[in-house]
Asker: 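Sharing a structure with you now.
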Amino acid sequence: MPTVHLLDYVAGNIRSLVNAINQVGYDVEWVRSPEDVRNADKLILPGVGHFGHCLSQLDKGGFLEPIRRHIEAGKPFMGICVGLQALFQGSEEDSDVPGLGVIPTRIQKFNDSSKSVPHIGWNSAMNTGSDTAKVQSFYGLRPTSKYYYVHSYAAPYKPGALESEGWSVATATYGEEEFIGAISRGNIFGTQFHPEKSGLAGLRAIRSFLNGDQFQSLSRDLVAGKENGLTRRVIACLDVRTNDAGDLVVTKGDQYDVREKDGADASGHVRNLGKPVDMAKKYYEQGADEVTFLNITSFRNCPIADTPMLEILRRTSETVFVPLTIGGGIKDTVDTDGTRVPALDVATMYFKSGADKVSVGSDAVFAAEDYYNAGERLSGETAIETISNAYGKQAVVVSVDPKRVYVDKPEDTHHHTLKTKFPNSSGQSYCWYQCTVKGGRETRDMDVRQLVRAVEAMGAGEILLNCIDKDGSNSGFDLELINDVKAAIKIPVIASSGAGVPAHFAEVFKKTTTDAALGAGMFHRGEFTVTQVKDHLQTEGFLVRQFEA
Ligand code: 1PR
């Protein structure tokens with residue numbers, strides 16, 4: 001197999017990139033020293049997290065000069081995400097640390113006054129020349145394709161400026177901001193998106209770069225119907241646990257109770273809806289924009305390094321090229337031999353096995369309690385902070401499991417209430433959302449707004465907003481809860497719990513400003529496919545990404 005050199009200079013999820021490179025027929029040779037860069041023919045510089053941290057690490061390792069020389073020598077170079085940003089002069093994220101300066105402008109933060117930041121999801125990489133009669137694309141990028149982005153900083157696009165210097169540019173638009181999604185000149189290719197997480201469209205970009213296939217003319221039908229912008233993100237969630245026979249299965253509860261209690265099988269057994277790896281692949285091929293695994297029991301009886309979820313991630317990431325999130329048990333832990341394993345190390349094992357994000361549940365509630373008890377001071381030691389600092393905030397999701405608590409009037413509780421359109425059977429029409437831990441088994445004296453604000457301050461990048469009352473109900477999302485949480489924070493929110501039909505997805509995108517929506521039971525029971533949800537959203541006028549075969 002031909003090879004490509006890969007520079008893994010910060011801890012990151014490199015596994016999915018390696019899988020993607022293998023998938024398109026190349027082997028990876030690791031760059032361990034500056035000397036390896038000098039010997040490289042094709043070089044890929046991936047990057048996640050903080051610009052300043054990445055660039056200083058490269059500098060400290062003595063890599064910057066060899067990279068510069070590699071580029072100047074005209075050898076193929078590809079930068080991904082912060083690897084692309086490294087090509088610029090510098091970044092607002094850390095103005096003390098210079099970039100390589102190959103592109104004479106600076107990276108800036110997205111404006112978060114009117115939209116969620118980070119920008120997470122599937123957006124365009126649309127060649128800026130694509131309106132002309134003959135459309136020339138670079139490295140297999142197509143105006144009709146969508147690519148997976150996750151970042152808070154980007155290079156703003158100024159029409160014509162870089163093109164006049166010989167650069168080919170493809171852009172994406174987020175809110176009112178148009179920014180550089182991909183760029184190329186001569187031997188250089190950079191993508192702000194993650195091609196390794198962008199399905200077949202991303203694999204095509206990697207393959208084109210590795211094969212040296214820089215320019216292609218596109219037929220008009222590949223350009224027709226193009227629409228720049230972020231698509232509505234649809235996520236498939238798999239709750240995974242061991243059943244009574246000891247097998248790892250995808251299950252699904254009603255209000256978090258996963259045992260059969262009625263119908264033909266009223267056995268009280270754990271519901272078995274299928275095998276995790278097979279189901280993840282099925283949803284990927286139906287067009288799921290992300291797949292989330294929640295380990296809803298923590299397999300405490302085996303060493304952490306042998307946790308079955310690690311194997312599930314390894315196998316899934318070989319064939320599923322969209323972001324994978326793993327939740328359940330992300331916290332400081334004591335291993336079976338008594339060794340203390342910090343949450344960061346637990347997360348690292350998952351990242352190395354193919355996860356792109358970890359989802360913190362119960363531990364986030366405990367950390368938020370400590371945060372308020374300390375007068376809203378950060379300790380720097382929580383799972384959220386340590387993982388976010390090491391891997392970037394985009395890698396940390398907080399999964400929230402709230403439950404409605406009804407009261408007669410707001411003064412009856414010190415928690416934030418809302419007036420609901422759905423009073424309870426006693427006629428109470430105010431409610432607050434109480435946080436729970438341990439899969440909803442224990443309630444805490446904290447409301448959902450307190451929790452999301454605290455975890456945003458700690459560096460969480462996204463909220464997975466479940467609702468125990470709605471879980472498994474097929475009655476639609478809790479729109480009141482979603483709007484209430486969205487109003488409290490800037491980071492993206494994934495609406496979860498209650499989806500029963502495709503119209504529920506259209507409803508949540510119409511009536512709330514949620515950034516993404518997640519379904520579980522309706523997909524697992526085979527009632528609807530992800531494709532049907534996307535088709536419905538498209539009919540309703542929403543921009544979606546369809547699976548590219
Ligand atoms: O506390 O960090 O170990 O994390 C445990 C994780 O497992 C949390 O994310 C928690 O939400 C989840 N969890 C724990 N117990 C259950 C359970 O069901 N017994 N599942 C559970 C949570 C909720 C959603 C579900 C949606 C959509 N599952 O993920 O998929 O409600 O369902 P629907 O579309 O069918 O209505 P920690």
Side-chain angles (χ1 to χ4, degrees), residues 4-10 12-14 16-17 20-21 42-55 57-58 63-64 67-68 70-71 75-94 97-110 118-120 123-128 138-141 147-158 161-163 165-174 177-198 201-202 205-206 208-210 214 392 394:
V4 54
H5 278 77
L6 196 57
L7 211 171
D8 182 18
Y9 58 104
V10 283
N13 173 21
I14 238 48
S16 50
L17 182 56
I21 290 169
K42 300 181 173 75
L43 177 66
I44 296 185
L45 178 67
V48 289
H50 190 266
F51 177 90
H53 178 67
C54 288
L55 269 289
Q57 289 293 106
L58 284 173
F63 291 112
L64 279 184
I67 292 174
R68 200 173 271 123
H70 177 97
I71 293 173
K75 295 200 240 171
F77 172 87
M78 179 176 183
I80 298 173
C81 195
V82 180
L84 157 93
Q85 298 184 359
L87 291 169
F88 286 75
Q89 234 166 23
S91 169
E92 210 176 274
E93 192 172 12
D94 192 335
V97 179
L100 286 162
V102 176
I103 303 171
T105 56
R106 297 180 73 77
I107 303 292
Q108 287 174 17
K109 187 164 190 206
F110 280 121
H119 166 233
I120 300 183
N123 205 322
S124 312
M126 214 175 266
N127 193 314
T128 53
F138 57 98
Y139 291 121
L141 301 179
Y147 303 88
Y148 183 73
Y149 290 82
V150 49
H151 56 132
S152 301
Y153 294 78
Y157 175 62
K158 297 196 185 64
L162 289 171
E163 290 89 338
E165 309 263 308
W167 292 95
S168 301
V169 182
T171 67
T173 303
Y174 184 38
E177 297 182 82
E178 188 174 7
F179 63 93
I180 293 175
I183 193 159
S184 155
R185 186 174 73 182
N187 56 319
I188 306 170
F189 179 38
T191 64
Q192 179 60 69
F193 61 82
H194 285 268
E196 75 281 16
K197 292 278 114 190
S198 298
I206 296 174
S208 302
F209 168 73
L210 293 175
Q214 190 171 5
Q394 79 291 333

Asker: Rounded to the nearest 0.5 Å, what's the gap from CD on Glu93 to NE2 on His53? Could you check?
Answerer: 11.0 Å
Asker: Where is the tightest heavy-atom contact between Leu141 and Ala170, given as atom of each residue plus distance?
Answerer: CD1-CB, 4.0 Å
Asker: Which residues pass the side chain to side chain donor-acceptor pair (under 3.5 Å) test with Gln394, sequence neighbours left out?
Answerer: none
Asker: I'd like to check the side chain to side chain contact (heavy atoms under 4.5 Å, CB included) partners of Pro118; sequence neighbours left out, ordered by chain and number.
Answerer: Ile120, Ser152, Lys393, Ile491, Pro492
Asker: Measuring from atom CD1 of Ile14 to atom CG of Leu6, what distance do you get when rounded to the nearest 0.5 angstrom?
Answerer: 5.5 Å
Asker: Which heavy atom in Gln192 sits nearest to a heavy atom in Ala154, and how many Å separate them?
Answerer: OE1-CA, 4.4 Å
Asker: Of all the heavy-atom pairs spanning Ser124 and Ala172, show the shortest one and how long it is.
Answerer: O-CB, 3.1 Å
Asker: Would you sort out whether Phe189 and Tyr139 count as a ring pair (Phe, Tyr, Trp, His ring centres under 6.0 Å), showing the intermediate values?
Answerer: CA-CA 8 Å; Phe189 179 38; Tyr139 291 121; 4.3 Å; yes
Asker: Is there a side-chain contact between Leu17 and Ile44, using heavy atoms and a 4.5 Å cut-off?
Answerer: yes
Asker: Can you tell me how far the CD1 atom of Ile188 sits from the OG atom of Ser168, to the nearest 0.5 Å?
Answerer: 11.5 Å
Asker: Side chains of Ile183 and Leu162: closer than 4.5 Å at any heavy-atom pair?
Answerer: yes
Asker: Apply salt bridge (Lys or Arg N to Asp or Glu O under 4.0 Å) to Glu177 and list each qualifying residue two or more places apart in sequence or on a separate chain.
Answerer: Lys115
Asker: Quick one: are Leu84 and Leu45 in side-chain contact, heavy atoms under 4.5 Å?
Answerer: no
Asker: Going by the rule ring pair (Phe, Tyr, Trp, His ring centres under 6.0 Å), which residues pair with His151 if we only count those two or more places apart in sequence or in a different chain?
Answerer: Phe110, His119, Tyr149, Phe179
Asker: Let me confirm one number: the CD-OH distance from Glu92 to Tyr153, rounded to the nearest 0.5 Å.
Answerer: 6.5 Å
Asker: Taking the side chain as every heavy atom from C-beta outward, state whether Gln108 and Ser91 have any pair of such atoms under 4.5 Å apart.
Answerer: no
Asker: With heavy-atom distances below 4.5 Å as the criterion, would you say the side chains of Asn127 and Val169 are in contact?
Answerer: no
Asker: According to side chain to side chain donor-acceptor pair (under 3.5 Å), who are the partners of Ser208, at least two apart in sequence or on a separate chain?
Answerer: none
Asker: Give, for atom CG of Leu64 and atom CG of Leu55, the distance between the pair rounded to the nearest 0.5 Å.
Answerer: 6.0 Å
Asker: Is it the case that the side chain of Asn187 and the backbone of Pro76 share a donor-acceptor pair, with hydrogens and angles ignored and the cut-off at 3.5 Å?
Answerer: no
Asker: List the steps, then state whether side chain to side chain contact (heavy atoms under 4.5 Å, CB included) holds for Lys75 with Leu43.
Answerer: CA-CA 8 Å; Lys75 295 200 240 171; Leu43 177 66; over 6 Å; no
Asker: Sequence neighbours excluded, which residues qualify as side chain to side chain donor-acceptor pair (under 3.5 Å) partners of Ser184?
Answerer: Gln214
Asker: Pair up each side-chain donor or acceptor in residues 97-106 with any protein partner under 3.5 Å, not counting sequence neighbours, and list the distances.
Answerer:
none

Asker: Pairing donors with acceptors under 3.5 angstrom, does anything connect the side chains of Glu178 and Thr173?
Answerer: no
Asker: Under 4.5 Å between any side-chain heavy atoms of Thr191 and Tyr147, yes or no?
Answerer: no
Asker: Using side chain to side chain contact (heavy atoms under 4.5 Å, CB included) as the criterion, list what pairs up with Lys158, not counting sequence neighbours.
Answerer: Ala161
Asker: Side-chain contact test, heavy atoms from C-beta onward, threshold under 4.5 Å: evaluate it for Phe193 versus Ile80 and give yes or no.
Answerer: no
Asker: What closest approach, in Å, do Phe77 and Leu87 show between heavy atoms, and which atom pair accounts for it?
Answerer: CE2-CD2, 3.8 Å
Asker: With sequence neighbours left out, write down each residue that passes side chain to side chain contact (heavy atoms under 4.5 Å, CB included) with Ala155, or none if nothing qualifies.
Answerer: Phe88, Ile107, Ile180
Asker: For Gly90, does its backbone N or O pair with a side-chain atom of Gln85 as donor and acceptor, under 3.5 Å?
Answerer: no
Asker: Hey, could you give me the CE/OG1 distance between Met126 and Thr128, rounded to the nearest 0.5 Å?
Answerer: 11.5 Å
Asker: For Ser16, enumerate each residue passing the side chain to side chain donor-acceptor pair (under 3.5 Å) test, keeping only those at least two apart in sequence or located in another chain.
Answerer: Asn13
